[in-house]
There are 2 protein chains.
Amino acid sequence: MTMAGDTRREPPRGGGIAFLLAQIGAQAATLFAERVAALDLTPPQAGLLRAITRQAGESQQWFAKRLGVPPSRFVQLVDSVEQRGLVERRRRPTDRRAYGLYLTDAGEELMKELGKVGRAHEEDITRGLSAEQRAALHEALTHIADGLGLTPEVHPGYRQLR
Amino acid sequence: MTMAGDTRREPPRGGGIAFLLAQIGAQAATLFAERVAALDLTPPQAGLLRAITRQAGESQQWFAKRLGVPPSRFVQLVDSVEQRGLVERRRRPTDRRAYGLYLTDAGEELMKELGKVGRAHEEDITRGLSAEQRAALHEALTHIADGLGLTPEVHPGYRQLR
DNA sequence: TATTGTTATACTCTATAACTATA
DNA sequence: TATAGTTATAGAGTATAACAATA
């Protein structure tokens, strides 16, 4: 099934690895957007829910910085998931300017669905690769991400569905 | 130098291969945008110049479809490089509705610089990977791109520099 | 009537900066 | 005076659809 060593293409695939990464990354982001749309979520909303799962109770400023989103945009993002009953803002008694963010029960439920969607998406992208190829690919990509100074949480490439 | 088999991270890097691809792809696109900005080009302009290099004389419609850009946007794209003297529109005698697109001498010159930029960018991204890792990575990415139905020319992920 | 290229317009997404309430 | 959150506004980028010239 895997066409090992297929380099017969001419002209050669433009731009090599960097071009392929940009091209595939954009397509992966689009496919992910389509998948989470089935849960009535946008990719930024999905990213926020996941971040809250990991760091429940942190302030909006904290999440906004962590996710690389400007505070003004972040407000609307929180509004959108709060109005759907997925996330709660809780005033902090110690500093009444700040809100801590928490998932509601409905939010926790949706996160399970989101986990399934993520696994299906992963399978979509890596379909046809052997376990060895996947391991090597994951290692190479992690190496590149580290070299580019990318941190696991920040995802500058979220894309809305048109 | 390469940290082979580094899977100690916790929590594990989010989303696995698909997430890494989207994250890296976005960053690669941004870095490329910064590099071509040194030539006073945007990524879509660079993509157009490269396409014309390969298929000089084809019509605007042909290129627009090939690059996945709507005709209305394509007009402005051609305008921008024509005004800089990099590209020429030539009316077709056989069908006076259509224009064939050609690089000017200045355009050919700039393409050489663009080639250098592309190679430097490729090195930026793949820095620290062994020759074997690069070959395996290229193969895996080509496989993924084929699986996603991506063609070598179309690049839906061009991103403007902000 | 259909097609190439063009223009006009409207819409989406985003960031900048001003504003409020608390500290 | 400084900070968390919010709101208002303006800009960039994009697509949709109407238009002119040629077939």
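These values consider heavy atoms only, across backbone and side chains, with no hydrogens, waters or symmetry-generated copies. A note on names: the letters A, B, ... follow the listed sequences, proteins ahead of strands, and every chain is numbered from 1.
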- Message: So if I define the base as every atom that isn't primed, P, OP1 or OP2, how would nucleotides 17-23 of chain D read as a B/S/- string at a heavy-atom cutoff under 4.0 Å?
- Response: B----BS
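Counting only distance, with no hydrogens or angles, the side chain of A:Arg134 and the backbone of A:Thr126 share a donor-acceptor pair below 3.5 Å. In terms of modelled atom types and a separation under 3.5 Å, the side chain of A:Gln23 and the main chain of B:Thr151 share a donor-acceptor contact. B:Ser59 places no side-chain N or O within donor-acceptor distance of the main-chain N or O of B:Ala98, the cut-off being under 3.5 Å.
The side chain of B:Arg73 contributes no N or O atom lying less than 4.0 Å from OP1 or OP2 of C:dT7. The phosphate of C:dT6 has OP1 or OP2 within less than 4.0 Å of a side-chain N or O from B:Gln60.
Classification of A:Asp79 and A:Arg89 as a salt-bridged pair holds, one side-chain N sitting under 4.0 Å from a carboxylate O. B:Lys116 has a carboxylate O that lies under 4.0 Å from a charged side-chain N of B:Glu113, or vice versa, which qualifies the two as a salt bridge.
The listed nucleotides are D:dA15, D:dT7, C:dT6; the one nearest the side chain of A:Val75 is D:dT7. Closest to the side chain of B:Gln61, from the set C:dT4, C:dT16, D:dT6, is C:dT4.
As a whole-Å value, the separation of B:Phe63 CZ from C:dT4 P is 15 Å. Atom-to-atom, CD of B:Gln76 to P of C:dT9 comes out at 14 Å; the value is rounded to the nearest Å. Rounded to whole Å, atom P of D:dG5 lies 11 Å from atom CD of A:Glu58. Separating the NZ atom of B:Lys65 from the C1' atom of C:dT3 is a distance of 11 Å, rounded to the nearest angstrom. Atom CZ in B:Phe74 sits about 14 Å away from atom P in D:dT14, given to the nearest Å. Atom P of nucleotide D:dT6 and atom CD of A:Gln83 are separated by 12 Å, given to the nearest angstrom.
With the nearest nucleotide of DNA chain D identified for both A:Ala98 and A:Asp79, A:Ala98 has the one nearer the 5' end.
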Let me have the donor-acceptor pairs involving side chains of residues 62-71 of chain B, under 3.5 Å, with sequence neighbours excluded, atom names and distances please.
none

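Nucleic acid contact class of A:Tyr99 (heavy atoms, under 4.0 Å, all strands): sugar-phosphate only.
For residues 93-105 of chain A, the pairs satisfying salt bridge (Lys or Arg N to Asp or Glu O under 4.0 Å) are A:Asp95-A:Arg97, with sequence neighbours left out.
Scanning for side-chain contact (heavy atoms from CB on, under 4.5 Å) contacts around A:Arg127 gives A:Glu123, A:Asp124, with sequence neighbours left out. Evaluation of the side-chain contact (heavy atoms from CB on, under 4.5 Å) rule for A:Ala135 yields no partner, not counting sequence neighbours.
An end-to-end axis angle of 20° holds for the helix from C:dT1-D:dA23 to C:dA23-D:dT1, taken from five base pairs per end and rounded to 10°.
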